[in-house]
Amino acid sequence: MLRRLFYLGLVGIILLFITGITLGGEELLGKGHVNYLSALQVFAQPNQPAIEPDSVIREENVFLCGDIEEVARKNTSTLKIKDVKDIESLYTDQGYTLSYHNKEILAQRKVKEFCSYHRNFRHLGIYNNKLAVFQGPLGYNQKLIRVENTIPVESLSAGFQVKLQQSMDFFQMTPETQAVLRYELEFAGEEALNAILENLDEFQAE
């Protein structure tokens with residue numbers, strides 16, 4: 001029991017000593033201890049991953065819709081990358097985030113576009129209380145294509161107004177509601193969208 005208390009006390013003293021150095025730094029301990037403080041900071045830094053000469057760098061684009069597309073594979077030796085500093089200076093300035101997985105390095109960059117599959121998608125929603133057309137699938141309202149200025153939302157039937165409002169909070173809806181909204185308000189292209197808009201009188205309030 002005494003031995004246990006002795007070790008607990010010793011650990012407490014060490015923690016208090018390190019805390020004093022960290023908080024007080026140079027003012028508390030004087031300039032002679034600055035080097036010691038620097039040494040502690042070095043130990044606190046995370047280990048940087050080693051870069052193998054033949055590591056593969058996989059470049060990917062992350063689109064607005066969340067889809068990911070690989071755009072290139074490169075080799076560290078081809079790019080003359082020797083360490084983490086080299087690869088970060090090359091990629092982070094271009095907006096990439098890096099993650100390391102053994103001999104593969106993943107470089108991902110967010111792009112403000114939809115993937116090739118969702119690029120032609122259109123969906124209906126609301127903008128400034130008017131019927132609006134957005135690019136991409138439901139749930140992604142970043143790209144407004146046009147506003148139907150002659151069609152205020154209140155001119156539509158109550159049920160259709162509710163669906164339009166739900167479309168603007170798509171990911172808050174239940175899976176069942178999402179399925180209904182996809183069926184009625186999401187289109188694979190302009191042609192299908194225009195077919196609905198031409199028959200919009202079916203959704204007008206009586």
Side-chain angles (χ1 to χ4, degrees), residues 46 56-74 79 84 87-101 104-206:
V56 173
I57 304 171
R58 195 169 81 234
E59 296 178 3
E60 293 181 344
N61 283 339
V62 181
F63 295 96
L64 288 175
C65 50
D67 286 355
I68 297 173
E69 181 179 274
E70 181 178 318
V71 294
R73 284 192 179 223
K74 298 176 180 175
L79 297 175
V84 171
I87 192 169
E88 288 187 346
S89 64
L90 179 63
Y91 276 92
T92 54
D93 288 346
Q94 300 179 56
Y96 284 95
T97 56
L98 299 167
S99 57
Y100 302 88
H101 310 275
E104 183 175 274
I105 301 162
L106 180 61
Q108 287 188 321
R109 176 173 59 180
K110 291 184 178 180
V111 294
K112 297 179 180 179
E113 301 291 341
F114 287 100
C115 71
S116 56
Y117 176 71
H118 289 121
R119 194 167 299 152
N120 294 325
F121 272 53
R122 301 289 184 267
H123 69 269
L124 294 175
I126 300 173
Y127 184 82
N128 282 345
N129 208 33
K130 301 283 194 329
L131 182 67
V133 178
F134 294 87
Q135 184 184 14
L138 278 163
Y140 302 94
N141 305 321
Q142 299 94 329
K143 288 189 174 282
L144 175 66
I145 291 182
R146 65 178 184 271
V147 178
E148 303 290 341
N149 286 312
T150 60
I151 307 177
V153 172
E154 57 265 27
S155 71
L156 301 170
S157 67
F160 199 64
Q161 288 185 42
V162 170
K163 289 173 183 173
L164 289 172
Q165 291 163 354
Q166 290 173 332
S167 76
M168 302 305 291
D169 296 310
F170 183 74
F171 291 120
Q172 307 303 318
M173 300 297 112
T174 64
E176 293 78 13
T177 300
Q178 289 181 355
V180 172
L181 294 174
R182 280 198 178 99
Y183 181 74
E184 296 191 13
L185 302 181
E186 183 179 278
F187 311 93
E190 284 280 349
E191 187 175 347
L193 168 67
N194 291 333
I196 290 294
L197 292 177
E198 288 172 3
N199 297 288
L200 202 61
D201 54 338
E202 297 177 10
F203 303 100
Q204 299 281 340
E206 295 180 355

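Here the structure is a predicted model, which means the values were calculated and not measured. All values below come from the heavy atoms of this structure, side chains included, with hydrogens, waters and symmetry mates left out.
Around the OH atom of Tyr96, the shell of radius 6.0 Å holds more than 12 heavy atoms that belong to other residues, nucleotides or ligands. Residue Gln94 places its CD atom among more than 12 non-hydrogen atoms of other residues, nucleotides or ligands, all under 6.0 Å distant.
From Glu104, atom CD reaches atom OG of Ser99 across 8.5 Å, with rounding to the nearest 0.5 Å. Atom CE in Met173 sits 8.0 Å away from atom CD in Gln178 (nearest 0.5 Å). Rounding to the nearest 0.5 angstrom, the gap separating the CD atom in Gln161 from the CG atom in Asn129 is 8.0 Å. Rounded to the nearest 0.5 angstrom, Ile87 CD1 and Ile57 CD1 are separated by 4.0 Å. With values rounded to the nearest 0.5 angstrom, Leu156 atom CG is found 12.0 Å from Lys130 atom NZ. Between the CZ atom in Phe121 and the CG atom in Leu193 there is a gap of 12.5 Å [rounded to 0.5 Å].
Annotation: side chain to side chain donor-acceptor pair (under 3.5 Å) contacts involving residues 61-72, sequence neighbours excluded, comprise Asp67-His118, Glu70-Arg73.
Taking Glu190 as the reference, Arg122 meet the side-chain hydrogen bond (donor to acceptor under 3.5 Å, both in side chains) condition, with sequence neighbours excluded. Contacts of Glu59 classified as side-chain hydrogen bond (donor to acceptor under 3.5 Å, both in side chains), with partners at least two apart in sequence or in another chain: Lys74, Tyr91. Residues passing the side-chain hydrogen bond (donor to acceptor under 3.5 Å, both in side chains) test with Thr150, sequence neighbours excluded: none.
Contact between Glu184 and Lys163 at its shortest, heavy atoms only, is OE1-NZ, 2.9 Å. Nearest heavy-atom pair across Phe187 and Leu185 is CE1-O, 3.2 Å.
Remark: side-chain polar atoms of Thr92 are paired, donor with acceptor, to backbone N or O of Glu88 under 3.5 angstrom.
For the side-chain contact (heavy atoms from CB on, under 4.5 Å) test with Leu98, the passing option among Val84, Ile105, Leu90 is Ile105; the others fail.
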Quiz: residues 164-171 side-chain donor-acceptor pairs under 3.5 angstrom, not counting sequence neighbours:
unit_1 : atom_1 : unit_2 : atom_2 : d
Ser167 : OG     : Leu124 : O      : 3.2
Ser167 : OG     : Leu164 : O      : 2.6

Please output the side-chain donor-acceptor pairs of residues 135-145 that fall under 3.5 Å, not counting sequence neighbours, one pair per line with the distance.
unit_1 : atom_1 : unit_2 : atom_2 : d
Gln135 : NE2    : Arg119 : O      : 2.9
Tyr140 : OH     : Cys65  : O      : 3.1
Asn141 : OD1    : His123 : NE2    : 2.8
Lys143 : NZ     : Lys112 : O      : 3.4

